[in-house]
Amino acid sequence: MQGRRTATIGAAITATLALAVAPVWTDASRQQKGHCGGDHRKSAKNVIVLQGDGMATAQRDLIRLVTQGNTPDKELVMDRLEHSGLVHTDPADPDEAVTDSAAAATAFSTGYKSFNGAIGVDAQGRARPTLLEDARKMGKATGLVTTSQVTDATPAAYAAHIDDRAKQSEIAEQYLESSKPDVILGGGEDYWFPAGTEGGHPDHPATDPTEESKGTQGNLVEQAQQLGYRYVKDRAGLREARGRKVLGLFANEEMFEHRPEGEGDLYDPLVPLPEMAQKALDLLSSDRDGLFVLIEEEAIDEMAHENNAGLMIKSGEQLDKTVAVAVEWARRHPGTLIVVQGDHETGGLTIENPDDEDESGEELSKEDGPFTVKGTDLQVFADWTTGGHTGADTPITASGPGSERFDGVIDNTDVHHAIERAMRRR
Ligand SMILES: [Zn+2]
């Protein structure tokens, strides 16, 4: 472990030295991939972390093939970022070798590996400072944006410290009383309102009658308003929102319905992820010290759990449009580090040619498709091998100051160190 980290630091130093004598823009292939302005030696004033939950190589490729095509000029925006690496996702869990989103996000946010379910605490249960908290200490504006519950594992691990990801009302309370993200946008209002208080979205909706308010810490939306947050519950409200502190809760639970195809599955968020991201960046961009924003597309993971490739692709396309929003914002705000990552692979996904003899599995090897490769007559099948997470590495791509630190095969804790150093470098 220590040896690998030292090797990674060594590689990063070598990369930095190499850049000093060979500017990145002289490399034709890199230039074609887009560049980050050659400002590697400056600090990252702004950090935008974009996560496709459950997104590994096959997910990125299936999204690319179906939404863009299969020729080199048809890349996803996320695949055009200048630097790239592979990330090991192993947790430090006593019982399981494959990570969940909580342990993975804790590794990204704190630099400490932990047990599955852990939120911002190390393997011994000790609270460790997160990237968002460190950014706030540096004076930066901070934000959490997700299509999941705003208190779900990934955003929670950046702004809370608790031993169990299920304690979502306690996590919301910690946002208000301790980590204080300026902008909080996503779903999950049921953990902010106590039972019997419907809130902005009615209990027991037709799309999922089991949903109802179940907050355990009182009316946290009222508390947020008393603390100066502007509370909004729909697209029009978010459009009109002004000021720095905004709490937007756009669904009872996730902002989509994750089910098998044709069984009530739905991906049509009340506010599309690119729009939430754009608004968060607009609200936070007035801070002269910069910003740190975590933006997550959760449906990639949840649809993969259901082996629903159609909506996994649809949500992945929205994530890529959100990366485009971040890239455009960074073009107007120099000194912005953009990182696109997945926390683990979900579904054991592979991409296959149609094959009548192979397209039989429904239990252990579920064939899902066909999907047309955009711009061609070619068809592919998604082949799922599990409804759970797998231990495969996840790709990471990055641009902007410090992005060279993500090159190579790295550990998920190295992602934390790289962002921390990029923010601190002067
Ligand atoms: Zn999952």
Side-chain angles (χ1 to χ4, degrees), residues 1-44 47-52 55-61 64 72 75-92 97-99 103-113 131 323 327 336-345 390-425:
M1 188 57 242
Q2 190 59 43
R4 186 159 71 214
R5 189 170 300 162
T6 306
T8 306
I9 293 165
I13 290 166
T14 308
T16 308
L17 291 174
L19 283 167
V21 293
V24 57
W25 52 88
T26 60
D27 180 332
S29 67
R30 285 292 191 197
Q31 191 176 34
Q32 198 179 22
K33 286 243 170 196
H35 66 86
C36 52
D39 50 2
H40 289 82
R41 282 157 289 176
K42 295 190 184 138
S43 68
V47 178
I48 306 173
V49 177
L50 297 118
Q51 176 159 315
M55 184 175 72
T57 311
Q59 283 80 6
R60 283 173 88 136
D61 281 324
R64 174 177 61 84
E75 290 280 15
L76 295 173
V77 178
M78 66 175 93
D79 286 341
R80 287 193 207 126
L81 302 186
E82 188 189 24
H83 290 278
S84 60
L86 279 179
V87 180
H88 295 331
T89 65
D90 319 282
V98 175
T99 195
T106 295
F108 286 145
S109 72
T110 70
Y112 287 87
K113 287 194 180 289
L131 290 172
V323 177
V327 168
T336 300
L337 171 63
I338 296 175
V339 182
V340 183
Q341 65 193 21
D343 52 348
H344 51 73
E345 199 275 347
T390 75
D393 285 349
T394 55
I396 190 165
T397 47
S399 65
S403 56
E404 74 282 357
R405 293 181 188 278
F406 300 95
D407 284 341
V409 179
I410 61 176
D411 189 74
N412 54 8
T413 51
D414 292 327
V415 174
H416 166 272
H417 308 324
I419 295 175
E420 186 74 40
R421 289 201 186 95
M423 287 199 294
R424 291 189 183 281
R425 185 159 40 176

Could you grab the distance from atom CZ of Arg60 to atom CG of Asp79, nearest 0.5 Å is fine?
5.0 Å
Measure from the side-chain N and O atoms of Asp414 to the backbone N and O of Asp411, and report whether any donor-acceptor pair falls under 3.5 Å.
yes
If only atom types and distance count, is the side chain of Arg421 paired as donor or acceptor with the main-chain N or O of Gly402 below 3.5 Å?
no
Closest non-hydrogen atom pair, His416 against Gly111:
CG-N, 3.3 Å
Could you tell me which residues satisfy salt bridge (Lys or Arg N to Asp or Glu O under 4.0 Å) with Asp393, sequence neighbours excluded, listed by chain and number?
none
Ala56: which residues meet the side-chain contact (heavy atoms from CB on, under 4.5 Å) condition with it, sequence neighbours left out?
Gln59, Glu345, Thr394, Pro395
Is it the case that the side chain of Asp407 and the backbone of Ser84 share a donor-acceptor pair, with hydrogens and angles ignored and the cut-off at 3.5 Å?
yes
Hits for side-chain contact (heavy atoms from CB on, under 4.5 Å) against Val327, two or more places apart or cross-chain, chain-then-number order -> Val77, Leu81, Val323, Ile338
How close do Ala422 and Pro401 get, heavy atom to heavy atom, and via which atoms?
CB-O, 3.7 Å
In terms of heavy-atom contacts, Gln341 and Met55 come closest through O-CE, 4.0 Å
Can you name the side-chain contact (heavy atoms from CB on, under 4.5 Å) partners of Thr99, sequence neighbours left out?
Thr89, Pro91, Ala103, Ala104, Asn116, His344
When every non-hydrogen atom of Phe406 is compared with those of Ile396, the smallest separation belongs to CD2-CD1, 3.6 Å
Less than 4.5 Å apart, side chain to side chain, heavy atoms only: is that true for Leu50 and Met78?
no
Output for pair (Ser399 OG, Glu404 CD), nearest 0.5 Å, gives 11.5 Å
Can you measure from NE2 (His83) to OG1 (Thr397) and round to the nearest 0.5 angstrom?
11.5 Å
Between Val87 and Val415, is any pair of side-chain heavy atoms under 4.5 Å apart?
yes
Minimal heavy-atom distance between Thr413 and Lys113, with the atoms involved, is CG2-CG, 3.7 Å
Inter-residue atom distance Arg405.CZ - Ile419.CD1, 0.5 Å rounding:
11.5 Å
